[in-house]
Amino acid sequence: MEQLQDIDLNTLFAEYWPSLLSGALKVMGALLVLVIGLRIAGWLSSVVRKQMAKRNGVDETLGAFFGSLVRWFVTAAVLIASLQVFGVQATSFVAVLGALTLAIGLSLQGALGNIASGVMIMLFRPYKIGDFVEIADVTGTVKEINLFQTILATLDNVKIIIPNTEAIDGIIKNFSGYDTRRCDIVFGIDYDDDMDKALAIIKGIVDQDERVFSDPEPFVKVTNLGDSSVDITCRLWCNASELWNLKFDMTKQVKAAFDDQGISIPY
């Protein structure tokens, strides 16, 4: 009886061993192709980004976008190659993929919409990497634009991921869109204070600041009679990168000058 069992096991082993060995080799081959291919995809994506960054006139946004395209195309090719290791022909795979296109399209409407929106962002360029923007009611600096999403970093360095469909469909405020910005500041003085004296103090500080443009001419005028103050509006044009520092410095200097000259700011 034991001899019969040994014979059966040996027979089964001899009969199925080639198939098992062939299947194991195919699995190992497919995994090897997949691992190496994914590494190549990442490497090629990095190379594309670096090469485009070296070219004059090509900003980081386009380099990141084309790098993302290369990664996805190479990944798709690697998956097809892995299936071919199992004996699935590329023509058969394409035929099956074509038959499933409608179902895949319906189930991936959101993803496909994000890809289309990503292409629109690249074409129309409402913003680019490094711009300070407000997208989908979120304000931050653009860190990355890929096929599916736009990634922002808020002022307190929180990572925000916005689908491209939401980014392109809503109102976009690009605070970095122009090189110059207008700095608006309102100073309130007491009704008993000398308005002309306050205007002269503000104009003197404005004229001394080299960051303020002479064209357009600075606007410093009384614009409102409030419930408890006479409001003086100061509108200054400057480089966009200097706007906030100019506003903070101007506020501090005017307050100090008002204190020295006896101009009061109502509580």
Side-chain angles (χ1 to χ4, degrees), residues 53 56-57 59-61 64 125-145 150-162 167 170-267:
N56 294 328
D59 62 33
E60 187 180 355
T61 305
R125 308 298 298 280
Y127 53 84
K128 63 182 183 298
I129 292 177
D131 284 354
F132 186 72
V133 298
E134 181 180 317
I135 304 172
D137 297 327
V138 178
T139 302
T141 302
V142 179
K143 292 296 183 180
E144 182 180 345
I145 305 171
T150 295
I151 300 176
L152 304 183
T154 61
L155 291 174
D156 53 347
N157 205 32
V158 176
K159 183 177 181 180
I160 305 294
I161 300 174
I162 303 174
I171 295 175
I172 299 172
K173 291 184 180 180
N174 190 341
F175 300 100
S176 305
Y178 299 111
D179 294 333
T180 60
R181 292 277 306 276
R182 193 181 75 185
C183 178
D184 292 354
I185 313 173
V186 177
F187 300 102
I189 63 172
D190 194 272
Y191 272 92
D192 295 332
D193 290 327
D194 188 336
M195 291 184 294
D196 291 332
K197 183 178 180 180
L199 289 170
I201 292 173
I202 297 174
K203 288 179 180 178
I205 295 174
V206 169
D207 292 340
Q208 293 177 2
D209 199 312
E210 296 180 353
R211 295 171 293 185
V212 179
F213 295 164
S214 58
D215 185 20
E217 184 179 358
F219 176 95
V220 182
K221 295 183 182 297
V222 175
T223 56
N224 182 55
L225 300 177
D227 293 336
S228 60
S229 66
V230 176
D231 296 331
I232 300 174
T233 299
C234 185
R235 295 171 181 162
L236 314 173
W237 285 89
C238 63
N239 290 322
S241 60
E242 297 174 338
L243 182 139
W244 290 109
N245 284 332
L246 175 63
K247 184 172 184 176
F248 299 149
D249 294 343
M250 193 66 59
T251 301
K252 180 180 179 181
Q253 292 175 28
V254 170
K255 172 62 170 62
F258 278 0
D259 290 344
D260 291 340
Q261 300 295 323
I263 302 295
S264 59
I265 297 177
Y267 289 99

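Contact record, N174 with P126: ND2-O, 3.0 Å, taken as the closest heavy-atom pair. When all heavy atoms of T141 and G130 are compared, the pair lying nearest together is CG2-O, 3.8 Å. Closest non-hydrogen pair, S229 versus P266, comes out as CB-CG, 3.8 Å. Of all heavy-atom pairs spanning L152 and G140, the tightest one is CD1-N, 4.3 Å. Scanning both residues, A167 and I135, for their nearest heavy atoms gives CA-CG2, 3.4 Å.
The CD atom of Q253 lies 13.0 Å from the CD1 atom of I201; values are rounded to the nearest 0.5 Å. Annotation: the span from I263 atom CD1 to L199 atom CG amounts to 9.5 Å, rounded to 0.5 Å. Here NZ of K128 is found 9.5 Å from CD1 of I145. Values are rounded to the nearest 0.5 Å. A distance of 6.0 Å separates CD1 of I185 from CG of L246, quoted to the nearest 0.5 Å. One finds the CD1 atom of I172 at 5.5 Å from the OH atom of Y127 (value rounded to the nearest 0.5 Å).
Under the 3.5 Å distance criterion, the side-chain polar atoms of D184 are left unmatched by any main-chain donor or acceptor of T233.
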### Task
I would like to know whether C234 and V220 meet side chain to side chain contact (heavy atoms under 4.5 Å, CB included); could you show each step before the answer?
CA-CA 5 Å; C234 185; V220 182; 3.9 Å; yes
### Query
Can I232 and T223 be said to form a side chain to side chain contact (heavy atoms under 4.5 Å, CB included), step by step?
CA-CA 6 Å; I232 300 174; T223 56; over 6 Å; no
### Message
For a side chain to side chain contact (heavy atoms under 4.5 Å, CB included) check, start with the C-alpha distance between I160 and I151, then their side-chain angles and the critical distance, and finish with the verdict.
### Response
CA-CA 6 Å; I160 305 294; I151 300 176; over 6 Å; no
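Counting only heavy atoms from C-beta outward, the side chains of M250 and I205 approach each other to under 4.5 Å. With a 4.5 Å cut-off on side-chain heavy atoms, L225 and V230 count as touching.
Taking D192 as the reference, nothing meets the side-chain hydrogen bond (donor to acceptor under 3.5 Å, both in side chains) condition, with sequence neighbours excluded. Residues that satisfy the side chain to side chain contact (heavy atoms under 4.5 Å, CB included) test with R181, not counting sequence neighbours, are F175, A240, L243. Considering only residues two or more places apart in sequence or on other chains, D137 meets the side chain to side chain contact (heavy atoms under 4.5 Å, CB included) condition with E134. Taking D193 as the reference, nothing meets the salt bridge (charged side-chain N to carboxylate O under 4.0 Å, His left out) condition, with sequence neighbours excluded. When the salt bridge (charged side-chain N to carboxylate O under 4.0 Å, His left out) test is applied to D194, no partner is found at least two apart in sequence or on another chain. With sequence neighbours left out, the side chain to side chain contact (heavy atoms under 4.5 Å, CB included) criterion links A200 to no other residue. Under the rule for a side-chain hydrogen bond (donor to acceptor under 3.5 Å, both in side chains), T139 has no partner lying at least two apart in sequence or in another chain. Residues that satisfy the side-chain hydrogen bond (donor to acceptor under 3.5 Å, both in side chains) test with S176, not counting sequence neighbours, are absent from this structure. Applying the side chain to side chain contact (heavy atoms under 4.5 Å, CB included) test to D156 and every residue at least two apart in sequence or in another chain returns T154, V158.
Residue pairs meeting the salt bridge (Lys or Arg N to Asp or Glu O under 4.0 Å) criterion with at least one partner in residues 221-250, sequence neighbours excluded, are R211-D249. Counting only residues at least two apart or in different chains, salt bridge (Lys or Arg N to Asp or Glu O under 4.0 Å) contacts with residues 257-267 comprise K255-D259. Within the structure, ring-ring contact (aromatic ring centres under 6.0 Å, His included) contacts touching residues 186-240 (residues at least two apart or in different chains) do not occur.
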